[in-house]
Amino acid sequence: MPPLDLPKSYDAKSHEVDVYQRWEGAGCFKAGAGHRDGKPSYTIAIPPPNVTGVLHMGHALNNTLQDTLIRWRRMQGRDVLWQPGMDHAGIATEAVVAKQLEAEGKRKEQTPRDEFIARIWAWKEQSGGTIVKQLRKLGSSCDWSRERFTMDPGLSRAVRTMFKKMVDADLIYRGTRMVNWSPVLKTALSDDEVDVKDKQGHLWKLRYDLADGSGSIAVETTRPETFFGDSAVAVNPSDERYRALIGSMVKLPIIGREIPIVADEHADPGKGTGAVKITPAHDPNDYEVGKRHGLPLIRVIGLDGAMTALCAHFAGMDRFACRKALLKEFEASGVLLGATEITHAVGHSERSGEPIEPMVTEQWFVRMAPLAARAVAETRADRLHFHPERWTKVYEHWLDNVRDWCISRQIWWGHRIPAWHCASCAKITVPDADAPDPTACAHCGAATVTQDPDVLDTWFSSALWPYSTLGWPDATPEMSRYFPTATLVTDRGIIFFWVARMVMTSLFALDKRPFSDVYIHGTVNDERGDKMSKSKGNGIDPIIMIEGGVQHYLGKDYQCPGYGADAVRYTLLDMTTEGQDLKLSPSRFETGRNFANKVWNAGRFLLMNLSERPLANPPTAQDLLARELGFPERWLLDRLQAATNDCTRALDGWRFNDYANGAYRFFRDDLCDWYVEWAKRAFKSGGDGAQTAALVLWYAFERTLRLLHPGMPFITEYLWQQLQTTAGGQPWTAGRFLMLQAWPEVEQVLADASAGARMDELQQLVIAVRNTRNQQGVADGTALAVSIATPDAAKARALEADRDFLIDRGNFSALAIAVDAAKPAAAVTSVVGALKVHVSLEGQVDLAKLKDQLTKRTQQLEKSIAGKQGRLGNADYIARAPAAQVEETKAMLAKEQAEVVTIRETLAGLG
RNA sequence: GCCCGCUUAGCUCAGUUGGCUAGAGCACUACCUUGACAUGGUAGGGGUCAGAGGUUCGAGUCCUCUAGCGGGUACCA
């Protein structure tokens, strides 16, 4: 054995950085790298991570899937672009810098807007975008030269263009509406940024006295503090209890303001007391009631969540503190008639966590109905596909029910709304996207215009991502080459936020869908099934899994040795089944690490052996066929074709686990366990057989590396480069990379349909003898004499052809094959189909174990035989089942019956 | 309330259009440090496919209902 500088175990850390740099340095990630003539383009626009973000396991999964698709398509010769970039994450990023200011004892409100924005840019340049570096560690083959940021000048221009286009199409309007207000963030939010949670609360029953002193009416509310803003009490017009009261006035407690009792269908006689207080300024339903009855909007809670001056001595108090204090007072004064505990749904700000305050404010909106109609039409017309398909319904349901989208945010970091308000005529000027900022009103000409202070929702710019990154609104070469994109890979959480909005804007502005397929993967959970999150301490850091370190997980410290990116990727692929959620634990990544090590060692074996007998050139299918291939070689090459087909079909069908498994099973079960072991014999004997084995092994292993590459790019690239030294080449030759080699196609000339069944029988014979050896307590290394009794001479002759294979793989000291092969004196007989396998043993034979096994097998077979006999005895089965099916059952039955007969004979012989 | 998903070996999960004796990994048992690999090998043990009905020649797979778990969505009277 020549010295070899490959260590016994694969150490990912010593290769991954180097391999990545070589790829990037050689331009392998660039759009169009490896493109072969005539092949169409394949584009994925990355879901842009937040500039504030760090890589978590969900990103690792998301990007592993994208990279697997991208590398696979690139190897297929497609003109591939994986477009990377980040979004500016308006609220999150602003919060980061606001916190920094606080640490310095300053407040955002006291900082000039320009200065604040400058600070955010400085922060972004210095510490933003960590995640992009981390994506490289994962192996992501994005075209980094095309990295984009939503606040780039080009993308900002796209935003401005879209805004103007939508204003002109009457799809964007400004209006005073009830919106979701976050008192903590002090901005409006869209409906999608509200997290509705079930909360324990109380239904407080309040007594409102009639103004004329003739009695009172009871109302129930979960939010007594809003009573200051009540403008009416509503009752259902059909409600007999209150019919007489409609039109009379009640006098609010404490403040004494008088409000009418109105009739409105909104009041449900079955709910509460049937009479409901109406606070149009602080409740969406009440807002609608208020509009119907012309009730005044009385704002009693301010933008900061504190009670306004209209709230008597509660003015200035926080809304929740006010509730507490108010109830005390109500109780004392007899206004509070009772309380029931209830569970009710309360909207919370997704980002800051506090309960949303419905607030009537002036905001910008996108009119969704016309956009949504077109977006729905795409799936209905089968032009846009979700995988798994069930997400189509979720997408369509949202679009069918969507309300107008509030796009203005009262923050500073983002795209400032390109609209100017005129102080003279109060009209709004929205300039053309490429025009300079207006200095005069487009309506009255006055020079009294000021830009709207608000910025756009971050998702407004994200909605343009698939084309703004390619240069839209300009007709760039990239637009014509890579748009529409092909696939979007994301999770279910942003189907509404992002996927639907991209479809809407793209159809509106470009009359094209932005992508044809949307793959929705599962959510990454911890091993208990809970979603991973920082606050729960159950997150697993992909970078720690790749590079090693201490992982704090579920209250324990897990010492991770560093499994490498390939291991992390492979494990995630292996677990990705049809969009089901993943349950992960740190040790789960051993799956991938172990497999990577196995690949490494197979490569090591090949390199050791082939360095002794190098090939002149990488062998082709024709080179292999030119030689006299033995049966195991033909079988292996046939299996390779099947594996190639399986892997391709799996990726084609978005079945990532089938891809990972298909490659794994061929590699381990067929290539390593059977062929490599067989080839060792050939290598030992040398000569022509060794040369054939070398060719076959080189070919099969090299194809396997190609198949594995999209999932495990680093180790496969490294081994592939090393492999070149054994076929007349050098590693890292300019421009030669595995990642740009062709994805294997099925080579029909190497397929051999008969090989499978033949090998199957041989393997069973070998396993039967190994089993006997194990069962009888004979060491694996002990060669045993075997004789096989066949039912007829033809079978005996057929088996003779595989004598060498059987002897070698079964470790036989001798092999006799004959129709009447007799059982030697001290021997154990097992049964393979209609074959009896006599294994000679020295000394005691454990008959009990043998009998147990044979009896168990008989029972198994009898059950199966009875089932088949029942089926074949059924006239309906014969008449209705497909003929081929019936034939197969008959053949199977005959086989099983033959085996039972043979086992019975054997058992009888044991006495 | 409505919608969706899940329930298969001790654990985590596969099981394409209904059709061989229901599979894999981990864990477990026994044996093996043999010249690619103990991050390994060999051979095993382990499942009335959540429950009940139905369709069918045939159901883990299709339909209905029930139970449990998870997700989404609606509702702050």
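Computed from a predicted structure; not experimentally measured. The chains referred to below are lettered A, B, ... by the order of the sequence lines, with proteins before strands, and numbering in each begins at 1.
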Next on the checklist: So, using side chain to side chain donor-acceptor pair (under 3.5 Å) as the criterion, who are the partners of A/D646 when residues are at least two apart?
Outcome noted: none
Checklist entry - Picking from B/G40, B/G19, B/A77, which would you name as closest to the side chain of A/H266? => result B/A77
Report each atom pair, protein N/O against N/O of nucleotides 24-26 of chain B, whose distance is under 3.5 angstrom.
residue: B/G25; atom: OP1; partner: A/R668; partner atom: NH1; Å: 3.1
residue: B/G25; atom: OP1; partner: A/R668; partner atom: NH2; Å: 3.1

Checklist outcome for this item: Across all chains, not counting sequence neighbours, the side-chain contact (heavy atoms from CB on, under 4.5 Å) partners of A/A12 are A/Y10, A/E16
Checklist entry - With respect to the side chain of A/V346, which nucleotide from B/A77, B/C4, B/C76 is positioned closest? => result B/C76
Item to check | From B/A14, B/C57, B/A36, nucleotide with atom closest to A/Q580 side chain | outcome: B/A14
Next on the checklist: Looking at A/T577, I'd like to know whether one of its side-chain N or O atoms comes within less than 4.0 Å of OP1 or OP2 on B/A14.
Outcome noted: yes
Checklist entry - Can you tell me if A/Q763 uses its side chain to pair, donor with acceptor, with the backbone of A/D760 under 3.5 Å? => result no
Checklist entry - Is the gap between the ring centers of A/H15 and A/W600 under 6.0 Å? => result yes
Checklist entry - What integer number of Å spans the C1' atoms of B/C49 and B/A22? => result 8 Å
Checklist outcome for this item: Separation of B/A36 atom P from A/N609 atom CG, nearest Å, is 7 Å
Checklist entry - What integer number of Å spans the P atoms of B/C57 and B/A52? => result 23 Å
Item to check | Integer angstrom distance from the P of B/U29 to that of B/U34 | outcome: 23 Å
Next on the checklist: The side chain of A/D876 is closest to which nucleotide in this list: B/A36, B/C57, B/C75?
Outcome noted: B/C57
Next on the checklist: Check A/R588 with A/D574, please: is the shortest side-chain N to carboxylate O separation under 4.0 Å?
Outcome noted: yes
Item to check | side chain to side chain donor-acceptor pair (under 3.5 Å) against A/E590, all qualifying residues, sequence neighbours excluded | outcome: none
Checklist entry - Are A/K8 and B/U33 close enough that a side-chain N or O sits under 4.0 Å from OP1 or OP2? => result no
Next on the checklist: Classify A/D574 by what it touches in the nucleic acid, base, sugar-phosphate, or nothing, heavy-atom distance under 4.0 Å.
Outcome noted: nothing
Item to check | Base B/A36 paired with A/E677 side chain (donor-acceptor, <3.5 Å) | outcome: yes
Checklist entry - From B/A36, B/U42, B/C4, pick the nucleotide closest to the side chain of A/A602? => result B/A36
Item to check | Presence of A/R604 side-chain N/O under 4.0 Å of B/A36 phosphate oxygens OP1/OP2 | outcome: no
Item to check | For RNA chain B, stems built from three or more consecutive Watson-Crick or G-U wobble pairs below 3.5 Å | outcome: B:1-7 with B:67-73, B:10-13 with B:23-26, B:28-32 with B:40-44, B:50-54 with B:62-66
Checklist entry - Using a cut-off of 4.0 Å on non-hydrogen atoms, how would the nucleic acid contact of A/D283 be classed: base, sugar-phosphate, or nothing? => result sugar-phosphate
Checklist entry - At under 4.0 Å between heavy atoms, what does A/A267 touch on the DNA or RNA strands: base, sugar-phosphate, or nothing? => result base
Checklist entry - Taking only side-chain nitrogens and oxygens of A/K856, does any of them come within less than 4.0 Å of OP1 or OP2 of B/G45? => result yes
Checklist entry - Checking all strands, does A/K531 fall into the base, sugar-phosphate, or nothing category for heavy-atom contacts under 4.0 angstrom? => result nothing
Checklist entry - With sugar-phosphate meaning primed atoms plus P, OP1 and OP2, does A/P284 contact a base, only sugar-phosphate, or nothing at under 4.0 Å between heavy atoms? => result nothing
Next on the checklist: Closest approach to the side chain of A/K598, judged atom by atom: which nucleotide of B/U56, B/C20, B/C37 is it?
Outcome noted: B/C37
Next on the checklist: Among A/E357, A/E354, A/E225, which residue satisfies the side chain to side chain donor-acceptor pair (under 3.5 Å) criterion with A/R319?
Outcome noted: A/E357
Next on the checklist: Measuring only the C1' atom in each nucleotide, how far is B/A14 from B/C6? A whole number of Å is fine.
Outcome noted: 14 Å
Next on the checklist: Pick the closest RNA chain B nucleotide for A/R390 and for A/A779 by heavy atoms, then say which residue is nearer the 5' end.
Outcome noted: A/R390
Checklist outcome for this item: Rounded to whole Å, the CD-C1' distance (A/E396 to B/C3) equals 14 Å
Checklist entry - Between the side chains of A/T392 and A/E389, is a donor N or O closer than 3.5 angstrom to an acceptor N or O? => result no
Checklist entry - Got a salt bridge between A/D780 and A/R773, using NZ or NE/NH1/NH2 to carboxylate O under 4.0 Å? => result no
Next on the checklist: Counting only side-chain nitrogens and oxygens, does A/K684 get under 4.0 Å of the OP1 or OP2 atom of B/G35?
Outcome noted: no
Checklist entry - For A/P561, which contact category applies under a 4.0 Å heavy-atom criterion: base, sugar-phosphate, or nothing? => result nothing
Checklist entry - Could A/R655 and A/E578 be called an ion pair, given the rule that one side-chain N must be under 4.0 Å from one carboxylate O? => result no
Checklist entry - With a 4.0 Å cut-off on heavy atoms, is A/N525 in touch with a base, just the backbone sugar-phosphate, or nothing at all? => result nothing
Checklist entry - Is there a residue in residues 764-774 of chain A whose heavy atoms reach under 4.0 Å of RNA chain B, and which residues are they? => result A/I767, A/R770, A/N771, A/N774
Next on the checklist: Base, sugar-phosphate or nothing for A/D780? Non-hydrogen atoms, less than 4.0 Å.
Outcome noted: base
Show me the protein contacts with nucleotides 16-18 of chain B, counting only N or O atoms at under 3.5 Å.
residue: B/U16; atom: O2; partner: A/R655; partner atom: NH1; Å: 3.3

Item to check | A/R770 charged N/C atom sitting above A/W674 aromatic ring, 6.0 Å / 45° | outcome: yes
Item to check | Six-ring centre of A/Y675, A/K680 cation under 6.0 angstrom, axis tolerance 45° | outcome: no
Next on the checklist: For residues 872-888 of chain A, which residue pairs pass the side-chain hydrogen bond (donor to acceptor under 3.5 Å, both in side chains) check, not counting sequence neighbours?
Outcome noted: A/Y877-A/T889
Checklist entry - So which of residues 194-207 of chain A are in contact with RNA chain B, with a heavy-atom cut-off of under 4.0 Å? => result A/V196, A/D198, A/L203
Checklist entry - With sequence neighbours left out, what residues match A/D230 under side chain to side chain donor-acceptor pair (under 3.5 Å)? => result A/Y208, A/K277, A/T279
Next on the checklist: According to side chain to side chain donor-acceptor pair (under 3.5 Å), who are the partners of A/S587, at least two apart in sequence or on a separate chain?
Outcome noted: A/S585
Checklist entry - Any ion pair linking A/K863 and A/E896 (charged N to carboxylate O, less than 4.0 Å)? => result no
Item to check | Given RNA chain B, 5'-ward residue of the pair A/L861 and A/K583, judged by closest heavy atom | outcome: A/K583
Item to check | Verdict with reasoning, A/E220 to A/K271, per salt bridge (Lys or Arg N to Asp or Glu O under 4.0 Å) | outcome: CA-CA 9 Å; A/E220 284 191 289; A/K271 263 185 181 170; over 6 Å; no
Next on the checklist: side chain to side chain donor-acceptor pair (under 3.5 Å) for A/E288 and A/H266? Distances and angles first, verdict last.
Outcome noted: CA-CA 9 Å; A/E288 295 302 318; A/H266 168 65; over 6 Å; no
Which pairs of donor and acceptor atoms, one on a side chain in residues 665-673 of chain A, lie under 3.5 Å apart (sequence neighbours left out)?
residue: A/R668; atom: NH1; partner: A/Y664; partner atom: OH; Å: 3.0
residue: A/D670; atom: OD2; partner: A/R639; partner atom: NE; Å: 2.9
residue: A/D670; atom: OD2; partner: A/R639; partner atom: NH2; Å: 3.2

Checklist entry - Can you tell me how far P in B/G51 sits from the matching atom in B/G41, rounded to whole Å? => result 35 Å
Next on the checklist: Taking the P atom in each of B/C65 and B/C26, what is the distance between them to the nearest angstrom?
Outcome noted: 41 Å
Next on the checklist: With rounding to the closest Å, how many angstrom separate the C1' atoms on B/G19 and B/C75?
Outcome noted: 49 Å
